[in-house]
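So that we are looking at the same thing, I have put the structure below in structure tokens.
Whatever order the structure lists them in is the order used to number ligands and atoms, beginning at 1. Note that the numbering runs from 1 along the sequence shown for the chain.
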Amino acid sequence: VVAVEVEAAVAVAAELDRVGIGWRHPLAAGIYSNLDAIDVVEVIAENCIHSKTRDRNSLRALGRELPLLVHGVGLGPASVSAVDEHRLSDIARVIGALQPSAWSEHLSFVRSGGYEIGHLAAPPRSTATIEGAARNLQRLRQVVGTSPAVENIATLMEPPASSLDEPEWVAEIAAASGAPLLLDLQNLFANAVNFGQDPVAYLMRFPLHRVSLVHISGGVLIDCPSAEGGPQTSRLLDDHLHDVPEPVYHLLETLGERCTNPLSVVLERDGRYPGMSALMDQLRRARCALAAGRARSARQQRQQASRHALLAT
Ligand SMILES: [Fe+2]
């Protein structure tokens, strides 16, 4: 019976859910030769701003084969400062050229007081940054024409001057802006591990009804000196250089069970590339985890319907 249910869920997932991979130049040939096993490709917006016409045309051609997603990494909308208008118009031009099915940005800031930080940083989780993010996301929507999905980021330290925890803060921004959520399960897992939370319980505190996009990737444990000069502590660093760990697939299965939206799941890999078959194995594993979650959800709904029918008689 379970096998039949999983099979049925796989059929539903094949229609509604998508599993794909982030476009990176070293993976280009491998992506083209595995198009039958890839449902969606995510392109980093900033890599396309100054790309050659030939490269952009080849991405447009890829977009005729399967849906594209565009992922921004440089706007930093979760900030009390306004986003950079030049960068925003560059991103809007890329989105106009590639016509993706959705686009996304991070719940982070990237500059402050005129200084560029050079990476995605977690702002204080406060009313001020919720309001700033809502203002910035409204501006992004005005210029691009559609709202980005907003992504939770990994952090090695809890942002100082925060009055809310991460799930509360993400939920408040999503509610204030109306933006859908890109849930990065590796980022969520890293934050849960680094700050002593149970990963599944932590997942359940996010606004899962708003999730439409998902990232999976891998990281590595690193040693961090304690601030007081005490014993070293470990932190899980989200480096995108390692295979997806088992707990992240487990989170994807739980998400598939608890979220009824169709999901587009993207594997992010930024270096130390294994063979393409190893990456395709990770896509297959993700597809199975998602299908298993869908099957469990369908089974629970059937049991609930039977209980209700019994009570009604
Ligand atoms: Fe991500």
**Item:** Note: Asp239-Arg272 ion pair, threshold 4.0 Å (strictly below)
**Value:**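 Answer for the salt bridge query: no.
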**Prompt:** With respect to the Fe ion (ligand 1), what is the nearest N, O or S atom of Glu151?
**Reply:**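 Checking each N, O and S atom of Glu151, the shortest distance to the Fe ion (ligand 1) belongs to OE2.
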**Request:** Would you mind checking if Arg269 and Asp243 are paired as a salt bridge, meaning a charged N to carboxylate O distance below 4.0 Å?
**Result:**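 So Asp243 pairs with Arg269 through a salt bridge.
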**Minimum-distance N/O/S atom that His215 presents toward the Fe ion (ligand 1)** =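 This residue's closest N, O or S atom turns out to be ND1.
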**Request:** Tell me which N, O or S atom of Glu268 sits nearest to the Fe ion (ligand 1).
**Result:**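 Relative to the Fe ion (ligand 1), the closest nitrogen, oxygen or sulfur of Glu268 carries the name OE1.
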**Request:** Measure from the Fe ion (ligand 1) to every N/O/S atom of Asp184 and report the name of the nearest one.
**Result:**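 That would be atom OD2.
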**Asked** Does Arg285 pair with Glu246 as a salt bridge, N-O distance under 4.0 Å?
**Response**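 Yes.
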**Message:** Against His71, only a single residue in Val266, Leu182, Val43 fulfils side chain to side chain contact (heavy atoms under 4.5 Å, CB included); can you say which?
**Reply:**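 Testing each of Val266, Leu182, Val43 against His71, the sole residue satisfying side chain to side chain contact (heavy atoms under 4.5 Å, CB included) is Leu182.
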**Leu75, Val83, Leu137 screened by side chain to side chain contact (heavy atoms under 4.5 Å, CB included) with Glu105, the one that passes** =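 Result: among Leu75, Val83, Leu137, Leu75 is the only option passing the side chain to side chain contact (heavy atoms under 4.5 Å, CB included) with Glu105.
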**Prompt:** With a cut-off of 2.8 Å, does any N, O or S atom of His240 fall short of it relative to the Fe ion (ligand 1)?
**Reply:**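 Not a single backbone or side-chain N, O or S atom of His240 is under 2.8 Å from the Fe ion (ligand 1).
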